[in-house]
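Input: a single structure, listed below in structure tokens.
Numbered from 1 within each chain, the chains take letters A, B, ... in sequence-line order. Quick caveat, the model's predicted, so the values are computed rather than measured. Worth knowing before you read on, the calculation uses all heavy atoms, side chains too, and leaves out hydrogens, waters and symmetry mates.
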Amino acid sequence: MPEGHVIHRLAAELESAFGGRTVRVTSPQGRFHGSAALLDGTTFAGAEAYGKNLFIEFGHDLFVQVHLGLIGKLRWVEPGVVQNPDTVRLRIETEADAVELRGPQTCNLIGPDELAAVVATLGPDPLRADADPDRGWQRVHRSGRTIASLLMDQRVAAGVGNIYRAEVLFRQRLNPDTPGNELSARKWRALWADLAELMPYGVRDGRIDTVREEHTPEATGREPRVDRHGGEVYVYRRAGLPCLVCGRAVSVREFEGRNLYWCGKCQRRR
DNA sequence: AGCTCATGGCGAG
DNA sequence: TCGCCCTGAGCTG
């Protein structure tokens with residue numbers, strides 16, 4: 001379940017559990033064994049998120065780059081016993097806390113130069129204080145690609161994924177097919193400001209909530225999405241259900257290999 | 001028990 | 001644009 005908010009939340013949790021402590025580092029699965037052996041017994045120096053990338057520093061200038069991809073998970077577990085070791089790529093633990101990494105797209109031991117190179121490929125991250133939204137705009141306003149495509153491009157806004165894309169486009173009442181070069185600077189700024197407002201809630205709560213008070217299913221009498229867990233959203237995975245604002249059935253279509261959700265009535269305007 | 005899908009991203013063609 | 005990688009939850013049978 002990884003969009004940027006999850007990664008930032010994990011970075012903070014890792015810091016608070018392991019910061020400054022000597023840690024056990026292993027790869028029960030074996031696929032990261034060589035690197036884990038190098039890190040075992042070192043000091044956990046810090047963890048930081050850039051978009052969907054997590055960088056964990058051990059000792060001095062030894063970084064593990066983690067990217068969860070679509071199915072990867074980093075979970076807190078009981079210290080001591082390892083369940084299903086065959087899928088645990090990386091495990092970090094002290095006497096008090098343990099965390100396990102399964103199914104990551106990336107888990108690499110890198111140095112500061114490689115870290116800088118990865119960060120250089122990323123656009124501004126709405127969750128970072130050092131983000132410069134204008135870097136994203138430079139790409140958007142020169143592009144004939146649609147805003148739906150551009151928002152999934154990590155060079156435009158690092159950390160945004162399929163849920164935040166759908167939700168922020170809905171909240172801004174923006175048609176997903178609007179070409180970047182037809183978007184006004186004002187609309188881009190509003191889009192960015194909305195992401196910068198929404199995503200910290202995701203970090204704080206560990207779930208994505210985007211629905212304003214007056215539009216909740218309780219307030220409107222309309223169905224929430226069927227998923228049992230997860231936050232309250234306007235359109236993501238609500239295809240066929242009535243739009244929480246206008247009542248029209250929410251649309252879905254496959255776009256660039258992913259499901260794109262939107263309301264054909266609220267988001268008519270480009 | 002098996003199948004499908006998922007909040008990503010890459011490389012081949 | 002497609003296939004592929006990694007895992008596990010939530011279905012179906």
Side-chain angles (χ1 to χ4, degrees), chain A residues 1-11 27-33 49-54 64-77 82-91 99-108 114 117-123 125-127 145-146 148-171 176 195 198-211 224-240 250 252-262:
Chain A
M1 20 142 85
E3 293 193 27
H5 68 299
V6 172
I7 312 306
H8 280 262
R9 183 179 170 88
L10 284 169
S27 179
Q29 175 190 61
R31 287 182 58 174
F32 194 59
H33 175 73
Y50 285 84
K52 296 169 189 169
N53 286 272
L54 174 65
V64 174
Q65 178 203 2
V66 173
H67 193 299
L68 295 179
L70 190 57
I71 63 177
K73 286 178 175 53
L74 193 58
R75 282 185 186 150
W76 293 97
V77 296
V82 185
Q83 308 258 7
N84 304 323
D86 52 315
T87 55
V88 181
R89 185 79 56 91
L90 169 68
R91 182 175 163 108
V99 71
E100 285 180 353
L101 173 67
R102 296 174 195 263
Q105 174 167 111
T106 305
C107 176
N108 288 140
E114 289 163 287
V118 173
V119 171
T121 67
L122 300 172
D125 176 346
L127 284 169
R145 289 160 58 203
T146 66
S149 177
L150 288 162
L151 276 179
M152 291 294 277
D153 186 334
Q154 299 300 294
R155 297 171 298 185
V156 167
V160 173
N162 205 18
I163 303 179
Y164 281 119
R165 164 177 73 173
E167 294 301 303
V168 78
L169 288 174
F170 179 88
R171 283 170 53 104
L195 287 169
L198 280 179
M199 293 179 75
Y201 294 131
V203 178
R204 184 192 66 189
D205 302 332
R207 45 179 267 175
I208 298 178
D209 291 285
T210 61
V211 178
R225 69 191 249 222
V226 281
D227 306 36
R228 298 192 318 224
H229 301 297
E232 201 71 70
V233 290
Y234 282 105
V235 292
Y236 178 74
R237 282 217 204 181
R238 287 193 72 254
V250 170
V252 64
R253 78 171 193 267
E254 192 172 315
F255 174 67
E256 295 179 343
R258 311 298 298 280
N259 285 321
L260 173 63
Y261 300 86
W262 81 103

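- Mapped onto DNA chain C by nearest heavy atom, Arg75(A) and Arg31(A) fall at different nucleotides, with Arg31(A) at the one closer to the 5' end.
- For Lys52(A) and dG8(B), the shortest distance from a side-chain N or O to OP1 or OP2 is below 4.0 Å.
- Checking side-chain atoms of Glu167(A) against main-chain N and O of Val235(A) turns up a donor-acceptor pair under 3.5 Å.
- Taking atom CG of residue Asp86(A) and atom P of nucleotide dT7(C), one finds them 8 Å apart after rounding to whole Å.
- Applying the 4.0 Å criterion to OP1 and OP2 of dC6(C), one finds that Arg102(A) has every side-chain N and O outside that range.
- Tyr236(A) has a side-chain polar atom (N or O) that falls below the 4.0 Å cut-off from OP1 or OP2 of dT7(B).
- dC6(C) and dA1(B) have their P atoms separated by 23 Å, given to the nearest Å.
- Between Arg155(A) and Asp153(A) there is a salt bridge, since a side-chain N of the basic residue sits under 4.0 Å from a carboxylate O of the acidic one.
- Salt-bridge annotation for Arg75(A) and Glu100(A): absent, with no side-chain N of the basic residue lying under 4.0 Å from a carboxylate O of the acidic one.
- One atom, CG of Leu68(A), and another, P of dG9(B), lie 11 Å apart when rounded to the nearest Å.
- Between His67(A) and the phosphate of dG9(B), there is a side-chain N or O to OP1/OP2 separation shorter than 4.0 Å.
- Relative to the ring axis of Trp262(A), Arg253(A) places its NZ or CZ within 45° and under 6.0 Å from the centre.
- Across all strands shown, Arg165(A) has no heavy atoms under 4.0 Å from either base or sugar-phosphate atoms.
- For dA6(B), one of the phosphate oxygens OP1 or OP2 lies less than 4.0 angstrom from a side-chain nitrogen or oxygen of Asn259(A).
- Between dG13(B) and dC5(C), the two P atoms lie 15 Å apart (nearest whole Å).
- Residue Gln29(A) is in sugar-phosphate contact alone, with no base atom involved, counting any heavy-atom pair closer than 4.0 Å across all strands shown.
- Residue Arg207(A) is out of contact with every strand shown, counting any heavy-atom pair closer than 4.0 Å.
- In this entry the distance linking CG of Leu70(A) with C1' of dT7(B) reads 7 Å, nearest Å.
- Distance check on atom P: dC4(C) versus dT4(B) gives 15 Å, rounded to whole Å.
- Side-chain nitrogen and oxygen atoms of Arg258(A) include none within less than 4.0 Å of the OP1 or OP2 phosphate oxygen of dA6(B).
- Close to dT7(C), at under 4.0 Å from its OP1 or OP2, lies no side-chain N or O of Gln105(A).
- Note: CG (Leu169(A)) to P (dT7(B)) measures 15 Å, nearest angstrom.
- Not one N or O on the side chain of Asn53(A) forms a donor-acceptor pair closer than 3.5 Å with the backbone of Val119(A).
- If you measure from atom CG of Asn108(A) to atom P of dC6(C), you get 14 Å, rounded to the nearest angstrom.
- You'll find the side chain of Val233(A) stays beyond 4.5 Å of the side chain of Tyr261(A), heavy atoms only.
- Between Arg238(A) atom CZ and dT7(B) atom P the separation is 17 Å, expressed in whole Å.
- Between the C1' atom of dC10(B) and the CD atom of Gln154(A) lies a distance of 13 Å, rounded to the nearest Å.
- In this structure, Lys73(A) places its NZ atom 7 Å from P of dA9(C), rounding to the nearest Å.
- Residue Arg237(A) places its side chain closer to dT7(B) than to any other of dC6(C), dT7(B), dG8(C).
- Rounded to the nearest Å, the gap between the C1' atom of dT1(C) and that of dT7(B) is 22 Å.
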